[in-house]
*Asks:* 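Below you will find the structure I want to go over with you.
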Amino acid sequence: MSGLEDAFARLTAALEAGDLDGFYGMIAPDAVIMDEDLPFRVDRAGFQDHIAFHGPGNWEGFAWKPQQMRFAERGAVGTVTGFAMFRGKPKDAGFRLRPMMFSQGWARTAEGWRMTTWHQSPVVGHVSTPSPG
């Protein structure tokens, strides 16, 4: 496993455990984040505000399950791309299941790998069949 794969594993493990401080600690303060649930770009603080708005107390459970990841390291920068499934159970209503494509940019810093960009978009927004010939 590469250093980038280890860093990604720490990021997802922190999220899975509900360790938001550990999760946010893997994200650079000036990161550019475009989330499927937001209509604009945010940095780490903006993403923290967005997550706080949803409030952990509003959920019975949630999970972000990445799959089919591809890792690429080029010196001090790296990318992680893949498919993810967001599963969530709000306390007061229904169940959420959101399939998404994602890409992340990472940079190796003195503190280790930190995520610098994160883009997620719903699969429904992606082309699923080739254009007519």
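Heavy-atom basis, side chains included; hydrogens, waters and symmetry copies ignored.
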*Asks:* Is there a path from Phe40 to Ile33 through hydrophobic residues (I, L, V, M, F, W, Y) whose side chains come within less than 4.5 Å of each other?
*Replies:*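 Linked, Phe40 and Ile33 end up in one cluster.
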*Asks:* Who are the side-chain contact (heavy atoms from CB on, under 4.5 Å) partners of Arg98, not counting sequence neighbours?
*Replies:*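 Here the qualifying residues are Glu36, Asp37, Phe86, Arg96.
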*Asks:* For Arg108, what residues pass the salt bridge (charged side-chain N to carboxylate O under 4.0 Å, His left out) criterion, not counting sequence neighbours?
*Replies:*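 Per chain and number, Arg108 pairs via salt bridge (charged side-chain N to carboxylate O under 4.0 Å, His left out) with Glu73.
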*Asks:* Which heavy atom of Ala107 sits nearest to which heavy atom of Thr116, and what is that distance?
*Replies:*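 Reported closest heavy-atom pair: CB-CG2, 3.8 Å.
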*Asks:* Among all residues two or more places apart in sequence or in another chain, which pass the side-chain hydrogen bond (donor to acceptor under 3.5 Å, both in side chains) test with Gln120?
*Replies:*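 Gln120 satisfies side-chain hydrogen bond (donor to acceptor under 3.5 Å, both in side chains) with Asp35, Trp64 only.
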*Asks:* Indicate the atoms forming the closest heavy-atom contact of Gly78 with Leu4, along with that distance.
*Replies:*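 Smallest interatomic distance, heavy atoms only, reads CA-CD2, 3.9 Å.
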*Asks:* Please check if Met85 and Met101 belong to a single hydrophobic cluster, counting links between Ile, Leu, Val, Met, Phe, Trp and Tyr side chain heavy atoms closer than 4.5 Å.
*Replies:*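 Yes; tracing contacts between hydrophobic side chains, which count when under 4.5 Å, links both residues.
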*Asks:* How long is the straight-line distance from OG1 of Thr117 back to CE of Met34, given to the nearest 0.5 Å?
*Replies:*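 One finds 8.0 Å between CE of Met34 and OG1 of Thr117.
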*Asks:* Cut-off 3.5 Å, no hydrogens considered: what does the side-chain donor-acceptor table look like for residues 15-31, sequence neighbours left out?
*Replies:*
residue : atom : partner : partner atom : Å
Glu16   : OE1  : Lys65   : NZ           : 3.2
Glu16   : OE2  : Lys65   : NZ           : 3.4
Asp19   : OD1  : Gly22   : N            : 2.9

*Asks:* List for me each residue that meets side-chain hydrogen bond (donor to acceptor under 3.5 Å, both in side chains) alongside Glu111, sequence neighbours excluded, and say none if there are none.
*Replies:*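 If we apply the side-chain hydrogen bond (donor to acceptor under 3.5 Å, both in side chains) test to Glu111, skipping adjacent residues, the hits are Thr109.
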*Asks:* Does a side-chain heavy-atom distance below 4.5 Å link Phe47 with Ile51?
*Replies:*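 Yes - at least one pair of side-chain heavy atoms lies under 4.5 Å apart.
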*Asks:* Would you check if Gln104 and Leu11 make a side-chain contact, meaning some heavy-atom pair closer than 4.5 Å?
*Replies:*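 Heavy-atom side-chain distance check passes, below 4.5 Å.
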*Asks:* I need the minimum non-hydrogen distance between Gly75 and Trp113, along with the two atoms involved.
*Replies:*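 Answer, listing the atom of Gly75 first, then Trp113: O-CH2, 4.0 Å.
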*Asks:* Check side-chain hydrogen bond (donor to acceptor under 3.5 Å, both in side chains) between Thr81 and all other residues, then give those that pass, not counting sequence neighbours.
*Replies:*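 Partners of Thr81 by the side-chain hydrogen bond (donor to acceptor under 3.5 Å, both in side chains) criterion come out as none, since no residue qualifies.
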*Asks:* Show the numbers, then the answer: is there a side chain to side chain contact (heavy atoms under 4.5 Å, CB included) between Met69 and Phe102?
*Replies:* CA-CA 9 Å; Met69 284 89 60; Phe102 75 92; 4.0 Å; yes
